[in-house]
Each structure stands twice: as structure tokens, then as C-alpha cells.
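Structure first, then comments.
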Amino acid sequence: MAHDAPQATGPSKLVIRNIGLLLSGAMEKPILDADTIVAENGKITAIGRFKDVNTDDATTVVNANGTTVAPGLIDSHVHPVAGDWTPRQNQTGWIDSYLHGGVTTMISAGEVHMPGRPRDVVGVKAMAIFAQRSFWTLRPGGVKIHAGAPVIENEMVEDDFKELAAAGVKLLGEVGLGGVKDGPTARKMVGWARKYGIQSTIHTGGPSIPGSGLIDKDVVLEADTDVIGHINGGHTALPDDQIRCICEGCKRGLELVHNGNERSALFTLRTAREMGDLSRVILGTDAPAGSGVQPLGILRMVSLLSSLGDLPAEIAFCLATGNTARMRALDCGIIEIGRSADFVIMDMAQHSPGKNILHSVQLGDLPGIGMTIIDGIVRTQRSRNAPPATRVPEIVGH
Ligand SMILES: [Zn+2]
């Protein structure tokens, strides 16, 4: 486990050149006409043709060797607990494994697997503040983990949300995983959270594990959270007519997860597309879960939606990058000057029948990952989890 992720010391300048395909992460222009990216001190400072950008005095030069550069993938729905350990399946190193699946940012939907999780208000607040601090300090492999997501309980009052926000808490965990399971109470507390700048999500669908419960469309729509957490269910999804009602009944984020019902994910995708609302669709894994952890889960969602949902691969990648970044107000997820230099460098997997990487994803294959970069620092080279890429980038100079 790479618990001691390298941090930038002093000024740094990263140049990635010889990019074959540059995916922006932004749906309005998913492919950029550029072969070079420059990042200084962790932020993107230039995107263009090699001859047109200033690559002098680079501290790290990566030759992409004609491969594909995309924003680092964002997992909109994880359940971290402590460091790189999850008690759910008693695994260590799961976050580092996700980095090898191209994930550079994770959003906690609640640290609900904590053994002995407190349910009293003081305990709920203390655990959220602790998780926010601890995951911001310790970044396994360099992965950015936005955690500290308390799950609301009936005894909470407005001042609790004010206090949480003042302490740096920016997220609510899934509404419905605590004592609050009714629409009116959820709506009141989600409103308090929003008033103090705390973003919210909700458990949608049937219970995922013993102890969680059913949250149907009426509760989801009344609660009015910022993100409709796993609209395709925590394995048990709502009926299609309820999913359609939610899509049509609000303008909130529509989150599709790997540990959900795949048919319902495709139904949601079709519904959102018919409505011209694809920018609302974001991706997560909802791991660790009853079905384990899935280091390639976000890539698998991209491939699933692209191949079975008939979505151009360059758009499918936006659901895992730019859409989530915009919905979650993150400074990563899009290849744009000023944003974080978080990248995944990929190529078509060896022996895929595709004509190129995008075609291979549209055929349902996963791409190979050759490198991940976070804050302008190379974190991993050839992935230990993805299929081997046909071509891989290399570090050619410091
Ligand atoms: Zn859930």
C-alpha cells in the first residue's frame, strides 16, 4: 500500500507530449484537438500542439506514445471507513487498487461500515469530522477522498448542520441509512444542510444489506437531495415507472452505480437521454459492498453504458469525469486550464477487436491503463489490474 504518496516538493512542471487522443471530460466538446498538456505545480497551464506551448524547464516529461489521455476518473459513491482498510469484506489496499483502475477522486456516501458506528447526534458529528480530517490527511496512492459524510438521524437540529459545516464537513451520507426514512424529515434536514453548503445524497431503492430499508420515489422526490444516489438501486432497484418519475420529477443528479441493477442503469440512461439530460448522469461503484470492491468498476460502467446503452465512448467517459466534477463542484474531472492535473493514460487493450480505444469500449471491452497522474505527479505506471494496454506512456525526462 502506498500510504506515503509522493507530494510535490518545490515548483514542478509536468509535460505530457505525443498524446494520440485527448478526452476532455466535458460533454459539449468531448475530444480536444491537442497533443500536449503542461501542468505547473499540480494545475493545468497549457493544452495545445507541442510546437505552440512552452515546455521549457519541465521537471517531468511523459511521452504518451500516441495513447489516450483523459481526466482521472471520479467515483461518485464509495463507503470508506479508515485509511485503506474496509471492514465490509475485510480488505486492505482497496483504494490503491482503484487507482490502478484509473480512479483519482472518490466521494464518500457515508462511512456507514464503521464497526460500532455511533447513532447519537454527538457521535454522528464526531465521526463525520474525524473522517473528513483523516481522509484529507491520508491519501492512499495519492487518491483524493472527499469523506466525512454523516448520515442523518431524527434527533438532529439545524445547529448541528451549521456546526458540521463550520468544521469542514461538505457532504451528507446517504439519507435513509440512518434513522430518518420519511420524506418530510429528510426534506427539512436536507434543506438545513444545503443552507450551510453541505451537499446531499439519498439511498434509492430496496435495502442493499440487512439494516438498510426501502426508499421509494415519493421519499426520494420529497427529500430533494442534490444527488439521487444509486437510482439503479443498491442491487434492488425501483420499478421502471418510479425511476422515470424521479428522472422527470426533479433536476438533481442521477447516479448510476456498479453495485446496482445494470438493466435499471440502462433504463435510466435511456430516459435521461430522451429528456436531453445526459449531463445529470454521474457514475459510482457503491463499494465496498456485499459484492466486494471493484477496482475497475468505473471503467466497467463506462464500457457497459457505451456498449449496451449505445453511447459514444467519449461521452461515456464524461459521465465518470466532467459530469461528476460539475455536479460535485470539484476542480478536477475536465481537461481545462486551471484545473487539477489529474489524468489517466490509456490505450486499447491488447488483442481487443476494436479499431481504436473508443471503438473497443463501444464493443464492451475495457481499455488498458498505462499511467495515472494526480496533482501533476506520476502515481502509477502500467496498471496491475486493467488488461495490458497495447501501447504505454513512458517517463522520458526529469
Ligand atoms: Zn445505498
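We're numbering straight along the sequence, starting at 1.
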Exercise: identify the closest heavy-atom pair between Pro353 and Asp365: CD-OD2, 3.3 Å

Neighbour count >12 (heavy atoms, 6.0 Å) for atom CG, Asp56: yes

Heavy-atom closest pair, residues Ala386 and Pro367: CB-O, 4.0 Å

Qualifying residue, where the test is salt bridge (charged side-chain N to carboxylate O under 4.0 Å, His left out) with Asp96 and the options are Arg384, Arg139, Arg379: Arg384

Side-chain (Lys217) to main-chain (Cys245) donor-acceptor, under 3.5 angstrom: no

Exam field: side chain Asp347 to backbone Thr67, donor-acceptor pair closer than 3.5 Å: no

Ala341 backbone acceptor or donor facing Asp375 side chain under 3.5 Å: no

Ser352 side chain vs Met348 backbone, donor-acceptor pair below 3.5 Å: no

Glu153 side chain to Gly179 backbone, donor-acceptor under 3.5 Å: yes

Residues that Val151 engages under side chain to side chain contact (heavy atoms under 4.5 Å, CB included), provided they are two or more places apart: Val112, Arg117, Leu177

Residues forming a salt bridge (Lys or Arg N to Asp or Glu O under 4.0 Å) with Glu163, sequence neighbours excluded: Lys125

Any donor-acceptor pair under 3.5 Å from Asn232 side chain to Ile243 backbone: no

Thr59 versus Ser12, side-chain donor and acceptor atoms under 3.5 Å: no

Aromatic ring proximity Tyr196/Trp192, centre distance under 6.0 Å: no

Whether Glu155 side chain and Val121 backbone form a donor-acceptor pair below 3.5 Å: no

Pairs satisfying ring pair (Phe, Tyr, Trp, His ring centres under 6.0 Å), at least one member in residues 216-270, at least two apart: His77-His230, His203-His230

Which atom of Asn65 lies closest to which atom of Arg391, heavy atoms considered: O-CD, 3.6 Å

Lys43 versus Gly338, closest heavy-atom pair with distance: CD-O, 3.6 Å

